[in-house]
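Note sheet for the following structure.
Naming convention: chains lettered A, B, ... in sequence-line order (proteins, then strands); numbering from 1 in each chain. All heavy atoms count here, side chains included; hydrogens, waters and symmetry mates do not.
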Amino acid sequence: MADQATDAEAPFGPAGLFGPADLERRLRSGGVGPEDRAGIGEIKDEVLKHLDEHVAAFFEHLASFPEAQALLRRPDLMEEARRLERDHLVAMASGTYDRDYVEQRFRLGRLYNRAQLDVALFMGAFHAQMSSIGRRIMQRYAKDAVGGFARFSAFKKIAFVDLGIVVDAMMTEREGTIRRQQQAILELSTPALQVRERLLILPIIGLLDTFRAKQLTDGLLKAIRAHRAKVVVMDLTGVSTVDSKVANHLIQTVAAARLMGATVIVTGLSSDVAQSLVTLGVDLSRLNTIGDLQGGIEEAERILGPASPRIERRPAVG
Amino acid sequence: MSVPILKQGDVLIASIQSALTDRDLLQLKDELAEKVGRLRSRGVVIDVTALDVMDSFATRTIRSIAAATRLRGAETVVVGIQPEVAIALVELGLTLDGIATALDLEEGLDVLVEVMEARRRDR
Amino acid sequence: MIDERRVPIDRDVDIVTARQLGRELAAEAGFTGSDLTLIATAISEVARNIVVYAERGEIRLGRTDRNGREGIEVVAADEGPGIPDIQQAMQDGFSTGRSLGLGLPGARRLMDEFEIVSEVGKGTVVTMRKWRP
Ligand SMILES: Nc1ncnc2c1ncn2[C@@H]1O[C@H](COP(=O)(O)OP(=O)(O)OP(=O)(O)O)[C@@H](O)[C@H]1O
Ligand SMILES: [Mg+2]
């Protein structure tokens with residue numbers, strides 16, 4: 001990379017879509033801070049240790065879709081895709097996000113375009129891969145759920161910046177259905193995590209708008225059903241402002257979860273957000289609020305009672 | 001379409017099988033009130049998993065079932081409200097305040113035990 | 001309205017028929033997930049008002065579009081007693097039927113557009129629309 005210095009300000013990617021400032025902006029708007037880079041550094045080895053498993057999760061997800069066969073049946077494309085997916089994860093875990101990194105993403109996007117892989121399918125597979133990574137990290141941090149969770153959150157932030165780049169690469173060469181794809185990104189950006197049996201954590205990262213709030217409600221209620229959750233800790237640490245519509249939505253989500261039989265504990269409510277909720281007429285006493293995530297998880301454990309025997313036995317064995 | 005009501009120990013389980021008309025709902029209410037009295041049941045579980053719509057009438061009827069059975073000494077738990085139905089109920093402005101809810105029948109029976117315990121302590 | 005379907009309403013079973021048909025048409029029109037339930041629930045509310053307050057009437061259902069957006073339209077029409085004070089009837093909790101008074105205001109929240117025209121002695125027409133996301 002001899003010309004890197006002279007070239008540092010030049011745009012890159014197809015049609016000059018990307019400049020260094022753009023990458024910076026994306027990282028910033030994805031909320032990726034120094035502590036996240038540090039967090040990723042700490043789980044790097046854990047991610048690399050199960051690299052093959054995570055790559056496999058991506059393609060296993062695709063295998064069940066007939067639309068993905070155009071890719072899966074082409075050995076040449078598959079070989080390249082496997083290699084790029086591997087590089088992808090290695091680069092993501094390495095913590096250096098530069099021009100090479102973006103170029104690599106574009107190659108991946110173009111490859112999937114050639115294989116006519118639908119953006120929504122790609123994102124589903126990406127999500128499966130993230131879940132695979134999340135599972136391993138939560139396992140590794142079984143005794144420190146909050147710590148594991150913080151590190152996985154950091155990793156996820158990068159993952160979403162990354163996802164945005166790959167999707168853009170696929171989109172710049174393709175028209176149509178933008179809305180559906182944006183929707184899928186939004187859905188993916190608010191996944192609920194299972195910490196132990198019957199307990200979900202729903203981290204809310206970044207700005208909430210009405211559209212995303214609606215996705216969040218739908219996603220959470222489905223997750224409650226899928227995981228048979230009894231308690232949900234909704235962590236608002238990442239939320240700095242809410243408007244009346246979003247506030248209303250949060251309250252409705254809590255009410256809907258309760259109708260399904262789950263208890264919602266709200267944590268990480270900043271005093272600004274709490275104040276604006278009150279101003280908007282929200283009765284905070286109707287919400288089960290607890291200071292921080294750690295406290296919320298402890299309260300959840302209290303509600304759930306001692307872990308079921310199956311779970312309890314695990315540490316004894318290990 | 002009437003709703004089968006099963007007796008399991010001192011609990012009655014009403015499991016709704018399909019969409020119900022207003023009349024079916026009122027009939028369910030009468031039958032439950034009658035059975036709770038006659039069988040001296042201590043708890044009622046209403047399984048609404050099969051309901052794809054719960055409108056204001058259905059909700060009002062379920063609330064009045066809970067009130068009527070409580071008068072006869074039994075607690076009610078509603079189980080199986082679907083995610084979409086929960087969203088619609090909340091948008092409508094309907095709540096089931098004071099009525100316990102649970103994810104499914106199994107969970108509902110557990111919750112019922114807790115609620116009956118709490119009630120006993122209150123007395 | 002495109003492909004309009006009519007459901008006569010004069011007994012409680014008709015409420016179920018109307019909302020089930022509404023769900024089917026909404027699915028055909030491309031709605032998914034909780035939107036289907038929201039639409040069916042709104043239909044249930046206006047259909048029940050017909051049975052309870054006007055005894056009979058009809059529900060008309062069909063697809064609709066405007067400025068390139070597609071959606072579903074629901075019309076609930078009756079020739080019943082009409083509503084003397086619509087503003088009051090649209091308030092949460094107002095009911096002359098000793099009910100919860102949530103049907104009309106709730107249906108308005110469930111759908112994207114809601115219009116109600118009523119004349120005492122002549123009848124009531126509620127028109128609701130929901131647009132596909
Ligand atoms: N089609 C109609 N014809 C005449 N009056 C109506 C009609 N629909 C509604 N109303 C009047 O408007 C009032 C409010 O209706 P709304 O559906 O909001 O509440 P409700 O039917 O009383 O209670 P709920 O729907 O919550 O069971 C009714 O009580 C009734 O007086
Ligand atoms: Mg009504």
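Contact count versus chain B (heavy atoms, under 4.5 Å) is highest, among C:Leu110, C:Asp14, C:Val16, for C:Leu110. Per-residue counts of heavy-atom pairs under 4.5 Å with chain B were compared for C:Leu38, C:Leu100, C:Ile15; the largest is that of C:Leu100.
Residue C:Glu115 qualifies as enclosed at atom CD: its count of foreign heavy atoms under 6.0 Å is above 12. The environment of CD in C:Glu4 is crowded: more than 12 heavy-atom neighbours from other residues, nucleotides or ligands sit within 6.0 Å. Shown here is B:Gln8, whose CD atom has no more than 12 heavy atoms of other residues, nucleotides or ligands within 6.0 Å.
Rounding to the nearest 0.5 angstrom, the gap separating the CG atom in B:Leu92 from the CZ atom in C:Arg109 is 7.0 Å. From B:Glu91, atom CD reaches atom CG of C:Leu102 across 12.5 Å, with rounding to the nearest 0.5 Å. Remark: C:Asp12 CG to B:Asp24 CG distance equals 7.5 Å, nearest 0.5 Å. Expressed to the nearest 0.5 Å, how far CG of C:Leu104 lies from OG of B:Ser56 amounts to 9.5 Å. Once rounded to the nearest 0.5 Å, the distance linking OG of C:Ser44 with CG of B:Asp22 reads 7.5 Å.
Heavy-atom minimum distance, B:Arg60 versus C:Arg98: NH1-O, 3.7 Å. B:Ala19 approaches C:Arg19 most closely through the heavy-atom pair CB-NH2, 4.3 Å.
Judged by distance alone, the side chain of C:Arg48 and the main-chain N or O of B:Asp55 form no donor-acceptor pair under 3.5 Å.
Looking at C:Ala42, neither its backbone nor its side chain comes within 4.5 Å of chain B, counting heavy atoms on both sides. Both the backbone and the side chain of B:Leu94 come within contact range of chain C, with heavy atoms under 4.5 Å apart.
Annotation: side chain of B:Val53 is in contact with side chain of C:Arg23 (closest heavy-atom distance under 4.5 Å).
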